[in-house]
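First the structure, in the form of structure tokens, and then the observations on it.
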Amino acid sequence: MVISLHNPEKPLDILFKECYYIHLDHEGGTGRIPVIDDCCYDLVFFKEAAGIFYYGENPKKVAIQNKVFTIHNVTPPYRIEGTGALTFFTIKLQPWVNAHFFSSLQNEGVVDISKFDSQLLPFYQQVFAIDEVSGKFSLADDFMNKNLFELTPSMEFVKEICGCVYESQGKITVNQLSEHFNRSRQYLGKVFKKEVMYSLKKFIITVRILDLVKHKAKNPDISLTHLSYDYGYFDQPHFINDFKKVCGVNPLQFFNNLPEFLLRHQ
């Protein structure tokens, strides 16, 4: 597996968190890439445009035949499988611009977005025509620079909320955010859902669990019980329930089969 990651510099970091290139060449069998929903929508460019997307606890499967797609409103766990090679180039948006790019989404699952922007298919052709990964990342910066815009006051406010959640590693409550910003819970929830297309509570839980996953991946000897206490969970059922909401499986199942793909989050 080849995984390469690129983080944008200012001012592009206003629009996207990162982009990454993944190539999995699994000769003679089925290649599998797990996916975790981090509440940031993705522009996914799929070189082979031939695979299966599995989602849900009792997995449903959907054929992927799209060169450019995003994933919308499905239940974890997720994974993508394909015969032979799987090659993806993905641009991960900042959460506060999710709605700017994708508020018109209606279908669930794997959604073809090639018609959303006339630049997407030409970008697909260009990014896979270049062999050097650094060149692919330069193309992504150029592409997103063409989409650069000034954030609305609402987006700026949600950006501040996201910043607090990220800085706290998700160890924060809606009530604490309400006090910090001197706004009601209802107002925060409404403006956040409008821009991010996820509830504020789900976003907080997701940030907390993914930070916990990164910490555990870097410190494999730490016990899950100790780790859950560090992240504010004082009863195991609550911890397991939140973990399953984000990762789709319980913590033991997840860490006993820690996907190599997730190591990119470190």
Side-chain angles (χ1 to χ4, degrees), residues 1-3 20-93 95 98 102 105-114 196-199 201-203 205-214 216-217 224 236-265:
M1 178 181 283
V2 176
I3 304 175
Y20 53 90
Y21 171 75
I22 296 175
H23 176 71
L24 174 64
D25 195 355
H26 195 82
E27 295 183 5
T30 300
R32 175 181 297 180
I33 294 179
V35 182
I36 288 186
D37 182 0
D38 57 4
C39 300
C40 300
Y41 275 76
D42 297 329
L43 304 170
V44 185
F45 302 87
F46 184 17
K47 183 178 181 180
E48 292 79 17
I52 303 291
F53 178 65
Y54 292 86
Y55 66 96
E57 199 167 341
N58 298 308
K60 298 179 181 178
K61 64 178 185 178
V62 177
I64 307 176
Q65 298 175 321
N66 312 109
K67 295 179 178 178
V68 189
F69 67 87
T70 197
I71 296 170
H72 176 60
N73 198 27
V74 290
T75 304
Y78 321 134
R79 70 180 189 271
I80 296 173
E81 293 187 358
T83 302
L86 288 171
T87 313
F88 295 92
F89 189 87
T90 300
I91 299 174
K92 181 172 293 295
L93 299 176
N98 283 348
F102 290 122
L105 287 179
Q106 295 180 344
N107 297 331
E108 297 181 348
V110 177
V111 182
D112 181 1
I113 57 171
S114 59
V196 182
M197 299 167 57
Y198 287 88
S199 73
K201 184 176 180 180
K202 179 175 176 59
F203 182 76
I205 291 171
T206 299
V207 171
R208 183 189 310 152
I209 294 298
L210 289 183
D211 197 90
L212 182 151
V213 165
K214 288 186 287 184
K216 173 67 172 171
L224 283 172
Q236 288 301 296
H238 185 195
F239 168 54
I240 292 169
N241 185 54
D242 276 1
F243 197 97
K244 288 185 72 174
K245 284 179 182 177
V246 177
C247 300
V249 295
N250 69 49
L252 279 177
Q253 288 175 290
F254 183 87
F255 288 110
N256 285 339
N257 300 279
L258 188 63
E260 183 181 354
F261 172 68
L262 295 177
L263 298 182
R264 74 175 185 84
H265 288 287

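Hydrogens, waters and symmetry mates are skipped; everything else that's a heavy atom, side chains included, is used. On a predicted model such as this, the values are computed, not experimentally measured, just so you know.
A heavy-atom distance below 4.5 Å is not found between the side chains of Y55 and V35. Using a 4.5 Å cut-off on side-chain heavy atoms (C-beta onward), I33 and F88 make contact. Side-chain atoms of Y198 and Y41, non-hydrogen and from C-beta on, do get closer than 4.5 Å to each other.
Atom NZ of K216 is separated from atom CZ of F255 by 6.5 Å, given to the nearest 0.5 angstrom. In this structure, C247 SG and F254 CZ are separated by 4.5 Å, a value rounded to the nearest 0.5 Å. Taking CG from N73 and CE from M197, the interatomic distance works out to 8.5 Å, rounded to the nearest 0.5 Å. Rounded to the nearest 0.5 Å, atoms CG (L93) and CG (L43) are 5.0 Å apart. Atoms CD1 and OG1, on I22 and T90 in that order, are 6.0 Å from each other to the nearest 0.5 Å. To the nearest 0.5 angstrom, E48 atom CD is 3.5 Å from T87 atom OG1.
The one candidate from D37, I209, L212 that meets the side-chain contact (heavy atoms from CB on, under 4.5 Å) condition with V246 is I209.
Legend: residues meeting salt bridge (charged side-chain N to carboxylate O under 4.0 Å, His left out) with E57, ordered by chain and number and at least two apart, are K244. Shown here are the side chain to side chain contact (heavy atoms under 4.5 Å, CB included) partners of I64, two or more places apart in sequence or in another chain: F46, F53, N66, F69, I80, V110. Legend: residues meeting side chain to side chain contact (heavy atoms under 4.5 Å, CB included) with D211, ordered by chain and number and at least two apart, are Q169, K214, Y231.
Listed here is the closest heavy atom pair of N250 and F243: C-CD2, 4.0 Å. Between C39 and F203, the closest heavy-atom pair is CB-CD1, 3.7 Å. Looking at every heavy atom in both residues, D25 comes nearest to H23 through CB-NE2, 3.6 Å. Residues K92 and C40 come closest through the heavy atom pair CG-CB, 3.7 Å.
Remark: side-chain polar atoms of T70 are paired, donor with acceptor, to backbone N or O of D42 under 3.5 angstrom.
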Check your understanding: Hey, mind stepping through F102 and I113 against side chain to side chain contact (heavy atoms under 4.5 Å, CB included) and telling me if it holds?
Key -> CA-CA 9 Å; F102 290 122; I113 57 171; 3.8 Å; yes
